[in-house]
Amino acid sequence: MPVIRTLSKVAKQVLLGTPGCGCQPLTVAARNVSFSPRQVTSDASFHSVSFSETDHPKVLITGGLGQLGVGLAKMLRKRFGKNNVILSDIRKPPSSVFHSGPFIYSDILDYKNLREIVVNNRITWLVHYSALLSAVGEANVALARSVNITGLHNILDIAAEHGLRLFVPSTIGAFGPTSPRNPTPDLCVQRPRTIYGVSKVHAELMGEYYHHRYGLDFRCLRYPGIISADSMPGGGTTDYAVQIFHDAIKSSKFQCNLRADTRLPMMYIDDCLRATLEVMEAPVDTLSMRTYNINAMSFNPEELALELQKQMPELEVTYDVDHVRQAIADSWPMNFDDSNARKDWGWKHDYDLPELVQTMLDIFAAESRMARSH
């Protein structure tokens, strides 16, 4: 690409303080000059957006109406100001979300639309939550490939071109049956057998490649199963751990689609969102890697049911195994080794299983009281 070669040559001359140009050498790290790998127009101007410690980032969250986006927006708005965090999705937001802060339509498969949003809103941080989850992805591989891989490429190119700090979550699903399962370290064999998992390994590697090749400030956490009370299950293999609370409150009966002994890493949503903010705010020099495991607890359906039955002894749990989801779960880690996250940027979880169950029941009880009062 002649434009990039010309720009690179000019940048090199400036950085080296070319004799005769009347310039002083600039104390700028070369990796801060961000180039998009896409073909660019001849009048394109490249710059790296930066902000001081006292400035607030301008944040765009894609796939913002999923399990995590709304909660993260709420947390970031408290920290950075309501108008500095933009939620986006291709779905119509509920009134409560629409009126809580900026919301914008954004299709991650529309590169031009994404680019306009980033430029017009002077975005500096991008949190990319748009993805089809594991079980849903297996039911529609072509769509999962398009959203999870093609959409990611658009995000990477725009983030590199505009010098954004980019967060893309990964997952326990990025591992496969040949990975060590108990515990699973940050670096090991990754051969997932779902399109969701394959797309997440692809995201990890592409993000790290863009970091080394273009200087992209890419950051990634491998989330365990995330449990929250404010969203309905969305097609993930770990969603039984959310569904059991809804069914326990509604009917005191729950039918689990995984075996009773299926142990998986889990985390309460507040810990997950806090970890995301902490890794995004971590100084660059503290990060020894770009993709980290994070963990809080590890349990199976039977252990979760027993903890819940301590407070709801009338709860009846039966098992009707979904063989697709069970096969997925059996290929995933049973426990995460997140020692690097704890060492590098001080990760520490707050919620273990008893606290998780108590918090979820308290939230449902409060919602029930509120519904009765109206």
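Since the structure is predicted, the reported quantities are computational estimates derived from the model, not experimental observations. Side chains included, hydrogens not; waters and symmetry mates left out as well; all remaining heavy atoms used.
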Any donor-acceptor N/O pair, Arg91 side chain to Leu65 backbone, under 3.5 Å: yes

Keeping the roles fixed (side chain from Asn121, backbone from Ile123), state whether a donor-acceptor pair exists under 3.5 Å. no

Does CD1 belonging to Ile104 count more than 12 external heavy atoms closer than 6.0 Å? yes

Answer with yes or no whether the side chains of Ser179 and Gln190 bring together a donor and an acceptor at under 3.5 Å. no

On a heavy-atom basis, the closest approach of Phe175 and Phe336 is CE1-CE2, 3.5 Å

Do the side chains of Thr150 and Leu109 get nearer than 4.5 Å, heavy atoms only? yes

Counting C-beta onward and ignoring hydrogens, is there a side-chain heavy-atom pair between Lys82 and Ser100 closer than 4.5 Å? no

dist Asp330:CG -> Leu258:CG (nearest 0.5 Å) comes out at 8.5 Å

Polar side-chain atom of Arg193 near backbone of Val198 as donor-acceptor pair, under 3.5 Å: no

Search all heavy atoms of Leu216 against all heavy atoms of His211 and return the closest pair with its distance. O-ND1, 2.9 Å

Side-chain donor/acceptor of Asp271 to backbone N/O of Asp350, under 3.5 Å: yes

Backbone of Trp347 reached by a side-chain donor or acceptor of Arg274 within 3.5 Å: no

Non-hydrogen side-chain atoms of Ser88 and Leu60 separated by less than 4.5 Å: yes

Plane angle bin for Phe167 and Tyr223 - parallel if under 30°, tilted between 30 and 60°, otherwise perpendicular: tilted

Okay, side chain of Arg263, backbone of Ser298: is any donor-acceptor separation there less than 3.5 Å? yes

Hey, is NZ on Lys343 packed in by over 12 heavy atoms from elsewhere, all under 6.0 Å? yes

Once you measure the plane-to-plane angle for Phe245 and Phe364, does it fall in the parallel (<30°), tilted (30-60°) or perpendicular (>60°) bin? parallel

Just so I know, are the side chains of Thr291 and Phe218 near enough to count as touching, which here means a heavy-atom distance under 4.5 Å? yes

Quick one about Asp337 and Asn293 (side-chain donor to acceptor, distance below 3.5 Å, no hydrogens or angles considered), yes or no? no

Working note: Asn300 + Leu304, criterion side-chain contact (heavy atoms from CB on, under 4.5 Å); need CA distance, chi angles, decisive distance, verdict. CA-CA 6 Å; Asn300 62 40; Leu304 175 58; over 6 Å; no

In terms of side-chain heavy atoms, does Asp186 have a donor or acceptor partner in Asn340 at a distance below 3.5 Å? yes

Report yes if some heavy atom in the side chain of Leu133 is under 4.5 Å from a heavy atom in the side chain of Tyr196; otherwise report no. yes

Quick one, Leu76 and Leu72 - any side-chain contact, counting heavy atoms below 4.5 Å? yes

Between Asp344 and Ser288, a side-chain donor and acceptor under 3.5 Å: yes

Any residue meeting side chain to side chain contact (heavy atoms under 4.5 Å, CB included) with Asn84, in chain and number order, not counting sequence neighbours: His56, Lys58, Phe80

Side-chain donor-acceptor contact under 3.5 Å, Asp157 with Tyr210: yes

Would you mind telling me which of Ile244, Ile249, Val242 makes a side-chain contact (heavy atoms from CB on, under 4.5 Å) with His246? Val242

Any salt bridge between Arg325 and Glu138, counting N to O under 4.0 Å? no

Donor on one side chain, acceptor on other, Glu316 and Ser252, under 3.5 Å: no

State, yes or no, whether a side-chain contact exists between Leu126 and Arg165 at a heavy-atom distance under 4.5 Å. no

Is it true that Arg290 and Glu204 have a side-chain N and a carboxylate O under 4.0 angstrom from each other? no

Taking atom types as modelled and ignoring hydrogens, do the side chains of His349 and Arg342 form a donor-acceptor contact shorter than 3.5 angstrom? yes

For Thr262 and Arg259, what are the C-alpha separation, side-chain angles and deciding distance, and is it a side-chain contact (heavy atoms from CB on, under 4.5 Å)? CA-CA 6 Å; Thr262 307; Arg259 284 195 323 268; 3.5 Å; yes

Kindly say whether Tyr105 contributes a backbone atom to a donor-acceptor pair with the side chain of Asp89 at under 3.5 angstrom? no

Pair Ser134-Thr237, side-chain donor/acceptor within less than 3.5 Å: yes

Applying side-chain contact (heavy atoms from CB on, under 4.5 Å), run through Met266 and Thr238 and close with a yes or a no. CA-CA 8 Å; Met266 296 285 187; Thr238 58; 3.8 Å; yes

Is Ile108 reachable from Tyr111 through a run of I, L, V, M, F, W or Y residues, each pair having side-chain heavy atoms under 4.5 Å apart? yes

Please test Leu306 against Glu302 for side-chain contact (heavy atoms from CB on, under 4.5 Å), starting from the C-alpha separation and ending with a verdict. CA-CA 6 Å; Leu306 288 172; Glu302 184 176 36; 4.2 Å; yes

When you measure from the side chain of Ser331 to the backbone N and O of Gly176, does any donor-acceptor pair fall under 3.5 Å? no

How many angstroms lie between atom SG of Cys220 and atom CE of Met206, to the nearest 0.5 angstrom? 13.5 Å

Donor-acceptor contact below 3.5 Å, side chain Asp352 vs main chain Pro354: no

Report the C-alpha distance between Arg219 and Glu281 in whole Å, list the side-chain angles of each, state the deciding distance to 0.1 Å, and finish with yes or no for salt bridge (charged side-chain N to carboxylate O under 4.0 Å, His left out). CA-CA 10 Å; Arg219 303 178 183 211; Glu281 290 192 317; over 6 Å; no

Please determine whether side chain to side chain donor-acceptor pair (under 3.5 Å) holds for the pair Asn257 and Asp320, giving the CA-CA distance in whole Å, both sets of side-chain angles, and the decisive distance to 0.1 Å. CA-CA 5 Å; Asn257 54 27; Asp320 182 18; over 6 Å; no

Describe, in one word, how the ring planes of Tyr214 and Tyr209 are oriented to each other, choosing from parallel (under 30°), tilted (30 to 60°) and perpendicular (over 60°). perpendicular

So do the side chains of Tyr129 and Ile61 get within less than 4.5 Å of each other, counting heavy atoms only? yes

For Leu315, does its backbone N or O pair with a side-chain atom of Gln309 as donor and acceptor, under 3.5 Å? yes

Side chains of Gln358 and Asp362, donor plus acceptor under 3.5 Å: yes

Could you tell me whether the side chains of Asp247 and Gln243 share a donor-acceptor contact shorter than 3.5 Å? yes

